[in-house]
S.K.: 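Just passing along the structure, written as structure tokens.
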Amino acid sequence: MSRALMPLANGAAARLEEVPAWPVRFFRDRVLEAAFEGARLVALLPLARPGGNGIELMAVLAQDHLGTLLLGAGDLEGSSAYPALTPEWPQAQAFERDLWESQGLQPEGHPWLKPLRFPRLPDGQTIPASYPYFAMEGAELHEVAVGPVHAGIIEPGHFRFQCHGEKVFHLEIQLGFQHRGWRGLMAGAPPARRAALAESLAGDTAVGHAVAWAMAEEALGATSVPPRAQALRAVALELERLANHTGDLGALAGDVGFLPSASYLGGLRGDVLNLTQRLCGSRMGRGLVVPGGVRFDAPAALAEEVAGSLSRTWTSIEEAAGLLFDASPVQERFQGTGTVGREVAEALGLVGVAGRASGCDRDARRDHPAGFYRFAQIPAQTLASGDVYARAVVRFLEMRQSFEFLEQHLRSLPQGAVGAPAQKALPGRVTVALVEGWRGEIAHVAVTGASGEMASYEAVDPSFHNWMGLAMALRGQAISDFPLCNKSFNLSYAGHDQ
Amino acid sequence: MIRTVQTRWRLGRRTRPFPPEENPLPERFRGLPVLDPSRCEPGCSSCAEACPTGALALEGSPRVDLGRCLFCPRCAEACPSGAVRFTRDYALAASTRESLVVYGEARPAVEVLGRRLRRLFGRSLKLRQVSAGGCGGCEAELNATSNVDYDLARFGVQFVASPRHADGMVVTGPVTRNMEGALRQTYAAIPEPKLVILVGACALSGGAFEGSPAVTGMPADIPVDLFIPGCPPHPFTILDGLLRLLGSRKP
């Protein structure tokens, strides 16, 4: 029996038998030890090895400062109950609810064990109103229920606020309305359908999830991707980041009634999407990524044209966003609103913009570089204040970096092919692919069975880690600030519900 | 304040004319697919095999179901003889599900609303959007139709916050089991007469999620007035469909 968790690099594959297993209580100790030393929970999922005896519990941890992932498994030894990780490690809370709900496991001692996605409602039933909401009682307290259908064009979710006057004591977020059975479809689907599913997990992150999926397929088949294709993937990822961050700043401006920036940034976001469309025919970057590379090359003339348009667009974005940050009424509304302190952010394992705005210094592009990011580094941008202002500023700083990255690399793409033939997946392998999407860390974990078929496929959208962060941001806030706080996180419902 | 005015001046007016005089979409944009069966090699079915959603059928006269099409280029890529290609034509909407199945010269067609509905909605149509499992792609493009570039409001079409204020419902997503109830309630809350518009491959056919046990599909008892294909549809495709339905744009 191996004594240590197995190290694995981002985008690498290992044989399933190399993943060490312990009886589940020892596994729990191992994982909590690693957590104590600073590791972060990337994923906690069921693992069924060919020829193994039943389901094991597999943890994927990240040691961000070392650039290493750690894998290990807990043998449930025929039982469905095990001592929950959550009481010691809140990062596990949603993962363990998922295991309870979808696998029937019993994480004993979990303080908040309740449905996450409602994957198996009987015909004609809706998500139960009898959900065990956190509730408060008192003469002057009141409860506000919002959703699943909201006022704007956004995805569905239900929010319960426990209030005293305007002040929110607690917000509980109940999701699951968007559950489409993604995981089940993904494992059984042929590769072309898997591509479409990966691009549809969270449609505003089509490129991010497609790259993570392609990395997983490539690792399982030991396919190597030519440098030019890797560079074009990074170009698409940074365009996706720039477009979404621009739109988010516009939406934040809209939520505080600052219309000049709201109007312009909304339109300018479209200009960036149109650049992605010029490269691959889709504003969302669909169809660009294929296992082995990318489908569309960017010949010098096209790359130059895109770079030229981009620099004109950036001048306008900088101007429209500059107005927003210079306006004192906007600062007044952004600063000190929806604060998540570093301690809470670390405890919950917040990722991406939301994490960095609370001082969590992590960015998969820097900590676990894969593909083109191994050669072209982008420093992580962090702020300490953890409020709406910090989340807005981190976005703006990242937009500038994305622009500079694109400006530099569109004009000097590596030469060569944009694709290599994808190899058939090897049997009995496990791989983890991390991509820093615009919202934060995307993790895909794929496992092949005895004949190389996809035995299980799990994806963790950054929203999965971050929804609890939004709930914490609302504590002690005025309920009227909810739209602003929500927009400053801008999480994906579909990405969470799958 | 002065800076705001200066910026406004420098950034200028962005709203684009619609319909545009010339199709501004780039060369790689994938709009209406066209099939040329005369170029098919006998016995070849590469396109249908490559399609992730079974949108292509080759028996009888080869045809594409735009309601299923994800506008990924796999069919065109797989075809050895150039018999399938995507044009830049963004006019894809149709009033009936059947008319989305295109073959030969057949194109998707939108029938203008009848006189009564046109008098009611032709110059002011308020819509309530319901995302029922939508991934965020269609929602993003629907939002884009209201921005300064596409400015759907200039044609009198607006998205509103309450179904009680709406003349119709726009549905995105494959309709999950967990959203079916809320979708029905929203529909019931809209006063008569009301329109129903489906946007995107998922709402039209289930898209990549067709066959999932977690998805019920659009309830068959809710009548649909307009189908807008795409994954997601381009804002022009949405504008074009809505304006044809209202008779504001000649076919």
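Within every chain, numbering begins at 1; the chains are lettered A, B, ... in the order of the sequence lines, protein sequences first and strands thereafter.
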S.K.: How close do A/Arg278 and B/Pro26 get, counting heavy atoms only, and between which atoms?
M.R.: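 It is CG-CB, 3.7 Å.
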S.K.: Between CZ of B/Arg28 and OG of A/Ser282, what distance do you get to the nearest 0.5 Å?
M.R.: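 The CZ atom of B/Arg28 sits 13.0 Å away from the OG atom of A/Ser282.
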S.K.: Using modelled atom types only, decide if a donor and an acceptor are shared between the side chain of B/Asn143 and the backbone of A/Ile153 within a distance under 3.5 Å.
M.R.: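 Looks like yes, one N/O pair under 3.5 Å.
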S.K.: Can you say whether A/Leu324 sits under 4.5 Å from chain B via the side chain, the backbone, both, or neither, judging by heavy atoms?
M.R.: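 Neither part.
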S.K.: Got a salt bridge between B/Asp149 and A/Arg269, using NZ or NE/NH1/NH2 to carboxylate O under 4.0 Å?
M.R.: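 Salt bridge: no.
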S.K.: Given heavy-atom pairs under 4.5 angstrom as the criterion, report whether the side chain, backbone, both or neither of A/Ile154 touches chain B.
M.R.: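 Just the backbone, heavy atoms under 4.5 Å.
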S.K.: Sort A/Arg120 into side chain, backbone, both or neither according to what part of it lies under 4.5 angstrom from a heavy atom of chain B.
M.R.: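 Contact with chain B involves no heavy atom of A/Arg120 at all.
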S.K.: To the nearest 0.5 angstrom, please state how far the CE atom of A/Met284 sits from the CD atom of B/Glu141.
M.R.: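 Here the rounded value is 3.5 Å.
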S.K.: Please report the closest heavy-atom contact between A/Cys280 and B/Arg30, naming both atoms and the distance.
M.R.: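 What the structure gives for the nearest pair is O-NH1, 2.9 Å.
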S.K.: Heavy-atom pairs under 4.5 Å with chain B - which of A/His150, A/Arg117, A/Glu199 has more of them than the others?
M.R.: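 When all of A/His150, A/Arg117, A/Glu199 are compared, A/His150 has the most.
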S.K.: What's the separation between atom CG in A/Leu288 and atom SG in B/Cys72, rounded to the nearest 0.5 Å?
M.R.: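 That separation rounds to 13.0 Å.
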S.K.: Side chain of A/Ser200, backbone of B/Cys135: donor and acceptor closer than 3.5 Å?
M.R.: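 It does not hold such a pair.
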S.K.: For B/Thr4 versus A/Pro260, what's the shortest heavy-atom pair and its separation?
M.R.: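 Residues B/Thr4 and A/Pro260, closest heavy atoms: CG2-CG, 3.5 Å.
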S.K.: Do B/Arg8 and A/Tyr264 have side-chain atoms, one donor and one acceptor, less than 3.5 Å apart?
M.R.: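 A donor-acceptor contact under 3.5 Å links the two side chains.
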S.K.: Of the backbone (N, CA, C, O) and the side chain (C-beta and beyond), which part of A/Pro148 lies under 4.5 Å from a heavy atom of chain B, both, or neither?
M.R.: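 Only the side chain of A/Pro148 comes within 4.5 Å of chain B.
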S.K.: Checking A/Arg295 against chain B: side chain, backbone, both or neither under 4.5 Å from a heavy atom?
M.R.: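 Side chain only.
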S.K.: Tell me, side chain or backbone of A/Asp497 under 4.5 Å from chain B's heavy atoms, or both, or neither?
M.R.: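 Contact with chain B: none, neither part.
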S.K.: Using non-hydrogen atoms only, which part of A/Leu185 is less than 4.5 Å away from chain B: side chain, backbone, both, or neither?
M.R.: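 The side chain, not the backbone.
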S.K.: Measure B/Leu25 against the heavy atoms of chain A and call it side chain, backbone, both or neither at under 4.5 Å.
M.R.: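 For B/Leu25, side-chain heavy atoms alone lie under 4.5 Å from chain A.
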S.K.: Can you tell me which residue among B/Asn178, B/Val215, B/Val175 is in a side-chain contact (heavy atoms from CB on, under 4.5 Å) with A/Arg180?
M.R.: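 Going through B/Asn178, B/Val215, B/Val175 one by one, the side-chain contact (heavy atoms from CB on, under 4.5 Å) with A/Arg180 is satisfied by B/Val215 alone.
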S.K.: Would you say that A/Gln277 contacts B/His234 through its side chain, given a criterion of any heavy-atom pair below 4.5 Å between the two side chains?
M.R.: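 In contact.
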S.K.: Any idea which of A/Ala320, A/Gly181, A/Ala192 has the most non-hydrogen atom pairs under 4.5 angstrom with chain B?
M.R.: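 Ranked by contacts with chain B, first place is A/Ala192.
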S.K.: So how far is it from B/Cys231 SG to A/Arg286 CZ, rounded to the nearest 0.5 Å?
M.R.: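 Answer rounded to 0.5 Å: 3.5 Å.
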